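What follows is a short report on a single structure.
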Amino acid sequence: MQTTTVVVGAGHAGLATSHCLAAREIDHVVIERGEVAHSWRTERWQSLRLLTPNWQTRVPGLAYDGDDPDGFMAMAEVVAFIERYARLVATPLETATTVESLTRNGEGYEVATDRGVWRCATVIIASGACNVPRLPAAAAAQPPTVESVTPMDYVRPETLPDGGVLVVGASASGVQIADEVHRSGRPVTLAVAEHVRLPRTYRGKDILWWMDRIGLHDERYDEIDDIVRARRLPSPQLVGTPERITLDLNALTDRGVRLVGPLAGFSDGMAQFGGSLRNMCTLADLKQGRLLDTIDEWVTETGGDSQFEQPQRFAPTRVEESPPLALDLARSGIRTIIWATGYEADHSWVNLPVFDHKGRLLHDGGVVTGSPGLYRIGLNVLRRRKSSFIHGIEDDAHDLTDHLAGYVGAGDGG
Amino acid sequence: MSDTSTSPGLNGVNVEHLLGARSALGETPEAGHFKWRVTNQWLHGTHSASSVEGYFGLGGEHDHTSTFKFESDHPLVFAAEDNAATPVEIVLVGLASCLTAGVAAVAQVREIQLRSVKATVEGDMDIAGILGADPDVRNGFNNVRVAYDIDADATDDEIKALVAQSQKRSAVFDILTNPTNVTVEVN
């Protein structure tokens, strides 16, 4: 089978890419291991809602048009939105087709699937940013008496054993899971490493509205000081609820969740935690303060002080005097550890020399290094800060398909 | 004031060199593997002398500009001779020196002029641990507090951020806050 471009993955990124390729009249096919929006259907916990408000849920050619712009989509709604998009784009789609390898074929590529081989000039990998959980080395030493769960196999609190739960990581996943598990009567200890604290709303607007408005989401990858760090940053402590609540560490402490430092390891049935909890919280408090300062300055500069609610500052994160440095898992009743320590993209099927010594894909804003015609879309801070969000896909898909059109010498793009 | 493009200037930290080293490590990560070495010789009682001469890094052996000597002893209240600081005080020296170096380096990157940086360090210890008097008490510090007094051309939050970032990148802070495998053998 032959085409100009193979797109791997039919989530919002792959479909947006398809939309842009079609607009440039570039012949292509989208290959999907399951069905449209596969990861959203199968790899998310039950109560999860998008972090981004509905008004922000847009892809090239389709924007949310329901009657609750300030709400947050549940997973079934996300799947329905992406299915609707697939019908609109009328993407040439091969579902239930798993890509097994990507190799070079002369000037182009060969994409081997379990349903045949595609030959093409260019490939766009759109297979998601969160394919496998990223576990710290310490996870290997976890005592076998304790259940180990990742956010990808976590469903709801009731599927966990009764008893205490240690949640490792204070990302969006970590704080959301910690909150609902604790409320289910399973007391939660939360191991906190570096994290991003954000209020859900500020001066009457959603914090993501502000980040769009002041231009932060448009900051380009090549303008960011430390792009490696920016791409690895845990997702912000946000949750999408009808009440638009803030779910920071103080909110969790109020509900009885206990905070400890970063998980350092296990020894003799004890979980050990670093003594840097206070600094982890100070870093996040200061960073949140700088963001709010930036927003206030923007409002003042643009003469909008009367349009918005008054500025406010949030109480520093409370840390107990001497947080425990070790917990005996058995004696403290901890039956489960949930590793909310991040996710990684799975590129194990890419059989090309395009990875660094740590196995990270080498690319310049999605243009893969040293392999002309190969692209990656849908990674954190790929080309802009907003690349991590659904609404960030539009600009990235335009940019990368422009580049691709220039490479194959088609269309008027670029 | 010297030209910052050719010399460190500001706080006197050669940040360009450090940032250059960081990007070089991206290409040759093995160059970043260092070995720091100390030798220690017992003198008398609890008094001992350490020297620091050379280290391994950037793929080769290096000598310090001279051999640095450190002595350590225990205090009179332990019925020792108090010839020098205790080992745990030297650990606190290491922590403060590391954090202060970090404050200067981060300030340099952020173009903040420092005028004065002073750290006061205090470590709490219950000696029931080292005396074996109470098995529930650990030997080491149960809390360490560092207080910084910093005079610089920056806001209070910018100064707090310097100190926070310094902790985040500090080797000794990490050594004190996280477990480390330590192997002690007899030759």
Side-chain angles (χ1 to χ4, degrees), chain A residues 136-138 141 191-195 197 225-229 233 260-268 270-294 297 313 316-317 319-326 328 356-360 362 369, chain B residues 15 18-19 22-33 91 95 99 102-103 106 109-111 123-126 136-148 154-182:
Chain A
V192 178
E194 198 175 359
H195 59 274
R197 182 184 183 192
D225 276 346
D226 189 343
I227 186 65
V228 173
R229 179 172 179 277
L233 215 54
V260 294
L263 183 90
F266 298 96
S267 175
D268 298 329
M270 308 279 284
Q272 299 173 312
F273 307 104
S276 57
L277 174 62
R278 191 164 277 108
N279 192 46
M280 292 299 160
C281 295
T282 301
L283 283 162
D285 288 351
L286 288 167
K287 188 167 186 184
Q288 174 176 266
R290 289 195 294 274
L291 174 66
L292 302 184
D293 287 347
T294 307
E297 283 159 20
R313 288 297 173 269
T317 303
V319 175
E320 64 180 286
E321 188 55 40
S322 297
L325 297 171
D328 186 312
D356 71 5
H357 68 282
K358 293 187 78 177
R360 289 178 300 221
L362 293 164
T369 307
Chain B
V15 164
L18 293 175
L19 293 178
R22 187 171 84 168
S23 58
L25 289 186
E27 289 140 36
T28 52
E30 60 283 0
H33 297 173
V91 169
L95 176 63
L99 290 176
V103 166
V106 177
V109 174
R110 297 183 182 173
E111 296 178 359
D124 300 341
M125 184 186 286
D126 181 347
D136 292 330
V137 173
R138 69 181 286 185
N139 298 339
F141 296 121
N142 49 56
N143 262 305
V144 173
R145 288 174 302 278
V146 184
Y148 267 100
T155 64
D156 286 353
D157 273 358
E158 284 167 344
I159 290 172
K160 283 181 192 161
L162 284 182
V163 174
Q165 183 66 17
S166 170
Q167 290 167 73
K168 196 179 142 189
R169 286 276 163 265
S170 163
V172 181
F173 183 87
D174 171 69
I175 289 164
L176 281 176
T177 53
N178 288 306
T180 306
N181 285 318
V182 179

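Lettering of chains follows the sequences in order, A, B, ..., and the numbering in each one begins at 1. All values reported here derive from a predicted model rather than from experimental measurement.
Shortest non-hydrogen contact noted between A/L283 and B/K168 is CD1-CD, 3.7 Å. Nearest heavy-atom pair, A/A264 versus B/N178, reported as atom, atom and distance to 0.1 Å: CB-OD1, 3.8 Å. A/S322 approaches B/N143 most closely through the heavy-atom pair OG-ND2, 2.8 Å.
Heavy atoms of A/L277 lying under 4.5 Å from chain B are absent altogether. Within the 4.5 angstrom heavy-atom criterion, atoms from both the backbone and the side chain of B/D157 approach chain A. For a residue to count as touching a neighbouring chain, one of its non-hydrogen atoms must lie under 4.5 Å from one of that chain's; by this rule B/Q165 touches chain A with backbone and side chain alike. A/R290 touches chain B through its side chain: at least one heavy atom from C-beta onward sits under 4.5 Å away, while N, CA, C and O do not. For a residue to count as touching a neighbouring chain, one of its non-hydrogen atoms must lie under 4.5 Å from one of that chain's; by this rule B/R138 touches chain A with the side chain only.
In this structure, B/D124 places its CG atom where more than 12 heavy-atom neighbours from other residues, nucleotides or ligands lie under 6.0 Å away. Within 6.0 Å of the CD atom in B/E111, the count of heavy atoms belonging to other residues, nucleotides or ligands does not exceed 12. When the shell of 6.0 Å around CG of A/D225 is examined, it contains 12 or fewer heavy atoms from other residues, nucleotides or ligands.
Note that CG of A/L286 is 11.0 Å distant from CG of B/D156, once rounded to the nearest 0.5 Å.
Looking only at side-chain heavy atoms (C-beta outward), B/Q167 and A/T282 stay at 4.5 Å or farther from each other.
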